[in-house]
Amino acid sequence: MSCVNLAAWTQTCSIFNQASSRRSNKTQPFRTLTTLPVSLASQRPRRPVSISAVQTLEENPAPSPTFDFKSYMIQKASTVNQALDAAVSLKDPVKIHESMRYSLLAGGKRVRPVLCLAACDLVGGHESMAMPAACSIEMIHTMSLIHDDLPCMDNDPLRRGKPTNHTIYGEDVAVLAGDALLAYAFEHIAVCTKGVSPARIVRAIAELAKYIGADGLVAGQVIDINSEGQKDLGIEHLEFIHEHKTAALLEAAVVLGAILGGGTDNEVEKLRTFARCIGLLFQVVDDILDLTKSSKELGKTAGKDLVADKLTYPKLLGIEESKKLADKLNKDAQQQLSEFDQEKAVPLIALANYIAYRQN
């Protein structure tokens, strides 16, 4: 079954900056999340976000006639959905597995697992090598949504157009369903990954743990909670939140795909930077949509960031400057792909454009 909502997808598979397909032979020491700089600004001199023009859909080059992004996403999402359905079966205790499957199979665009598969393919790997990791990342993403929606967190009744997990199964079961998905995600990678060396599997598991722990996703969530209602917080503070909270799983997806697909250290690091940019891009767009779209259009409660007085990009920069920042992040992300085989890079370029121009 296909759970991809791509009705708003328009001209997002255009190809920017057709660069040479040569690969760099230089390698960089492998770095985990904690050794990366908190702000993208520390990786290169910050340019004022206002200098970038907003790139409208109409200004994009014509879509590539040889790549159908919508079909690609539907096909990949369908494959991921089948793998998820098989991975988390309905068995005793029935209630907890029902709860896990309710949220895991509730829909969604499957952007994270598709990123994982696309990164694996880009570095020369086969889809089967990264599929367990792709499913595991989606399990962790689902866990984070279940927990985010709880009354003690965002207290949200709606997710993906359906009642949230705790609304159906109760808070106690919802917490446990999230816990079970988190634990099983690591088991699934360790047990089900085939055709990959043990060293790379261990490396991938260590990366994933770092991305979602107290130095990653959890750190971003805690700082986000503590920032509600606070004044005089700057862009670096907001970047820290979303590099860890939102970008973490997008980064993990791309990095794990590159590692399991056999990528070099240099390739892994370029893709890590690509993913860092699109992770922040995802959040900038999400913040804009939260203010400009309805709950029906989003499939979740709209305007809740404003009600909670959360720190967001439009709150700090305004909507127009936020759009300019989104454009800059998209261009910076795609620049990281310039040294890869451009034919194989097409799905990642299209995914970056989709994240930039999505409507929900």
Side-chain angles (χ1 to χ4, degrees), residues 12 33 36-41 43 46 49 52 54 108-109 111-112 115 137 140-141 144-145 147-149 153-154 156 159-160 211-212 216-228 230 233-255 272-293 298-334 336 351-360:
T12 56
L33 182 66
L36 284 171
V38 167
S39 172
L40 284 172
Q43 294 178 325
R46 180 181 295 279
V49 297
S52 298
V54 179
K109 307 170 190 70
V111 170
R112 292 159 189 81
L115 280 168
I137 288 164
I140 293 171
H141 176 54
S144 72
L145 299 181
H147 286 181
D148 276 354
D149 292 336
M153 301 286 277
D154 289 347
D156 209 320
R159 174 68 66 178
R160 290 172 173 167
Y211 272 114
I212 66 174
L217 187 149
V218 172
Q221 184 70 52
V222 169
I223 300 300
D224 188 27
I225 291 170
N226 291 340
S227 299
E228 291 182 14
Q230 290 192 28
L233 298 175
I235 191 69
E236 288 79 11
H237 187 92
L238 187 58
E239 275 188 5
F240 178 89
I241 291 172
H242 294 305
E243 282 176 4
H244 292 75
K245 181 182 175 183
T246 305
L249 276 181
L250 287 162
E251 276 191 58
V254 173
V255 170
R272 191 192 302 275
T273 303
F274 163 81
R276 177 70 55 91
C277 290
I278 65 169
L280 289 176
L281 172 63
F282 190 97
Q283 187 60 49
V284 174
V285 174
D286 212 52
D287 286 352
I288 294 169
L289 293 176
D290 187 66
L291 288 176
T292 59
K293 298 293 181 179
L298 294 178
K300 59 183 180 179
T301 305
K304 63 182 182 180
D305 291 342
L306 183 63
V307 172
D309 197 22
K310 281 193 173 184
L311 188 65
T312 66
Y313 285 96
K315 182 178 179 179
L316 282 180
L317 304 176
I319 290 180
E320 290 307 313
E321 291 299 311
S322 295
K323 289 179 179 178
K324 293 176 184 178
L325 176 59
D327 180 67
K328 178 184 181 300
L329 288 166
N330 188 15
K331 290 177 179 177
D332 287 349
Q334 293 187 34
Q336 297 301 314
L351 276 160
N353 286 330
Y354 169 70
I355 290 171
Y357 304 118
R358 66 195 176 94
Q359 298 298 307
N360 59 19

Visitor: Under the side chain to side chain contact (heavy atoms under 4.5 Å, CB included) rule, what do L291 and D287 come out as? Steps first, then yes or no, please.
Guide: CA-CA 7 Å; L291 288 176; D287 286 352; over 6 Å; no
Visitor: With A252, which residues qualify under side chain to side chain contact (heavy atoms under 4.5 Å, CB included), at least two apart?
Guide: L208, Y211
Visitor: Is there a side-chain contact between N330 and Y357, using heavy atoms and a 4.5 Å cut-off?
Guide: yes
Visitor: Mind listing the closest non-hydrogen atom pair of F274 and A333 along with its distance?
Guide: CD1-O, 3.2 Å
Visitor: Tell me, with the steps shown, if D290 and T312 meet side chain to side chain contact (heavy atoms under 4.5 Å, CB included).
Guide: CA-CA 10 Å; D290 187 66; T312 66; over 6 Å; no
Visitor: Which heavy atom of L249 sits nearest to which heavy atom of I137, and what is that distance?
Guide: O-CG2, 4.2 Å
Visitor: Could you grab the distance from atom CZ of R276 to atom NE2 of H242, nearest 0.5 Å is fine?
Guide: 13.5 Å
Visitor: With rounding to the nearest 0.5 Å, note down the distance linking CG in L351 to CD in Q334.
Guide: 10.5 Å
Visitor: Donor-acceptor check, side chain of E321 to backbone of I319, threshold 3.5 angstrom: yes or no?
Guide: no
Visitor: Excluding sequence neighbours, so at least two apart, what forms salt bridge (Lys or Arg N to Asp or Glu O under 4.0 Å) with D224?
Guide: K245, K310
Visitor: Side-chain contact test, heavy atoms from C-beta onward, threshold under 4.5 Å: evaluate it for L280 versus Q283 and give yes or no.
Guide: no
Visitor: Applying side chain to side chain contact (heavy atoms under 4.5 Å, CB included), name anything that partners I223, two or more places apart in sequence or on another chain.
Guide: S227, H237, F240, I241
Visitor: Counting C-beta onward and ignoring hydrogens, is there a side-chain heavy-atom pair between L115 and I278 closer than 4.5 Å?
Guide: yes
Visitor: Any chance you could measure L238, atom CG, to L233, atom CG, to the nearest 0.5 Å?
Guide: 9.0 Å
Visitor: Just by distance, no angles: are the side chains of Q336 and D332 close enough, under 3.5 Å, to form a donor-acceptor pair?
Guide: no
Visitor: Could you tell me which residues satisfy side chain to side chain contact (heavy atoms under 4.5 Å, CB included) with V218, sequence neighbours excluded, listed by chain and number?
Guide: V222
Visitor: Over all heavy atoms of both residues, which pair between D148 and Q221 is shortest? Give the atoms and the distance, please.
Guide: OD1-OE1, 3.0 Å
Visitor: List for me each residue that meets side chain to side chain contact (heavy atoms under 4.5 Å, CB included) alongside S322, sequence neighbours excluded, and say none if there are none.
Guide: V284, I288, Y313, P314, L317
Visitor: I need the T246 OG1 to L217 CG distance, nearest 0.5 Å.
Guide: 8.0 Å
Visitor: Check whether any side-chain N or O of R112 sits under 3.5 Å from a backbone N or O of V254 as a donor-acceptor pair, and report yes or no.
Guide: no
Visitor: Do M153 and I225 make a side-chain contact, defined as non-hydrogen atoms from C-beta onward lying under 4.5 Å apart?
Guide: yes
Visitor: CG/D149 to CG/D156 distance, rounded to the nearest 0.5 angstrom?
Guide: 5.0 Å
Visitor: With a 4.5 Å limit on heavy-atom distance, are the side chains of F282 and R358 in contact?
Guide: yes
Visitor: K331 versus D327: any side-chain heavy-atom pair under 4.5 Å?
Guide: yes
Visitor: Step by step, work out the side chain to side chain contact (heavy atoms under 4.5 Å, CB included) result for S144 and H141.
Guide: CA-CA 5 Å; S144 72; H141 176 54; 3.9 Å; yes
